[in-house]
Amino acid sequence: MARDTSKLRYAETHEWVDAGDDGVATIGISAFAIEQLNDLVYMDLPEVGKDVAVGDEIGEVESVKAVSPLYSPVSGQVVEVHTELPDNLDNLKEDPYEFGWIIKIKMTDASEVENLMDHAAYEKQCSEAG
């Protein structure tokens, strides 16, 4: 079943979060961010087991235009990394909310998700960014 983007939460830095009932957050980067980056050439991801806090750099994505850091929108421990993603970056553009998940984090404080933007607020941020 396709992920409902209207139910995701979003960081100002364009990471999306799908917080599961089991306390595990699935994280990716939005279609808007991928479109802005354009041609992706490289992605660096964190190791499983790494502890992260909100705002910590968890990797980077490189396009022909720039290198952009990826930030953790929640705190916790990385429990899974999408290892197929760096070798299939074209698929990220085609399906950022399913194939394009980047990592899964076992959250230490699920309430942090409430600090992120809902879909409407994120859409507003993107429209203002042009």
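Source: prediction; values computed, not measured.
Considering only residues two or more places apart in sequence or on other chains, D51 meets the side-chain contact (heavy atoms from CB on, under 4.5 Å) condition with Q77. Every salt bridge (Lys or Arg N to Asp or Glu O under 4.0 Å) that D39 has, sequence neighbours left out, goes to K93.
Taken together through direct or relayed side-chain contacts under 4.5 Å among Ile, Leu, Val, Met, Phe, Trp and Tyr, Y71 and M43 form parts of separate hydrophobic clusters. A continuous path of hydrophobic side-chain contacts links L40 to L45 [ILVMFWY only; heavy atoms under 4.5 Å].
Looking at Y42 and D44, their side chains come closer than 4.5 Å, going by heavy atoms from C-beta outward. The closest side-chain heavy-atom distance from V64 to V41 is below 4.5 Å. With contacts defined as side-chain heavy-atom distances shorter than 4.5 Å, the pair V78/E47 does not qualify. The side-chain heavy atoms of K50 and V48, taken from C-beta on, include no pair separated by under 4.5 Å.
The CG atom of L92 sits 12.5 Å away from atom CD of E98, with the distance rounded to the nearest 0.5 Å. Of the inter-residue distances, the one linking I29 atom CD1 with L70 atom CG reads 5.5 Å to the nearest 0.5 angstrom. Between the CE atom in M117 and the SG atom in C126 there is a gap of 7.5 Å [rounded to 0.5 Å].
When all heavy atoms of H14 and A33 are compared, the closest pair comes out as CB-CB, 3.5 Å. Between V113 and V17, the closest heavy-atom pair is CG2-CG1, 4.5 Å. Listed here is the closest heavy atom pair of I27 and V74: CD1-CG2, 4.0 Å.
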Tabulate below the donor-acceptor pairs under 3.5 Å that side-chain atoms of residues 53-63 make, not counting sequence neighbours, or state none.
from: D56; atom 1: OD2; to: A53; atom 2: N; distance (Å): 2.8
from: S63; atom 1: OG; to: L37; atom 2: O; distance (Å): 3.0
from: S63; atom 1: OG; to: K65; atom 2: N; distance (Å): 3.0
from: S63; atom 1: OG; to: A66; atom 2: N; distance (Å): 3.2
from: S63; atom 1: OG; to: A66; atom 2: O; distance (Å): 3.3

Which pairs of donor and acceptor atoms, one on a side chain in residues 81-88, lie under 3.5 Å apart (sequence neighbours left out)?
from: H82; atom 1: ND1; to: F99; atom 2: O; distance (Å): 3.0
from: H82; atom 1: ND1; to: W101; atom 2: O; distance (Å): 2.8
from: N88; atom 1: ND2; to: E84; atom 2: O; distance (Å): 2.7

- Query: When you look at R9 and D118, which way does the side-chain contact (heavy atoms from CB on, under 4.5 Å) test go after all the steps?
  - Reply: CA-CA 5 Å; R9 303 295 280 205; D118 62 17; 3.7 Å; yes
- E12 and Q125: side-chain contact (heavy atoms from CB on, under 4.5 Å), yes or no, with the steps? CA-CA 8 Å; E12 289 180 11; Q125 175 186 296; 3.7 Å; yes
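The side-chain hydrogen bond (donor to acceptor under 3.5 Å, both in side chains) pairs that include a residue from residues 103-116 are S75-E112, D109-S111, where partners are two or more places apart or lie in different chains. Applying the side-chain hydrogen bond (donor to acceptor under 3.5 Å, both in side chains) test to pairs two or more places apart or on separate chains, those with a residue in residues 15-31 are R3-D18, T13-E15, S30-Y122.
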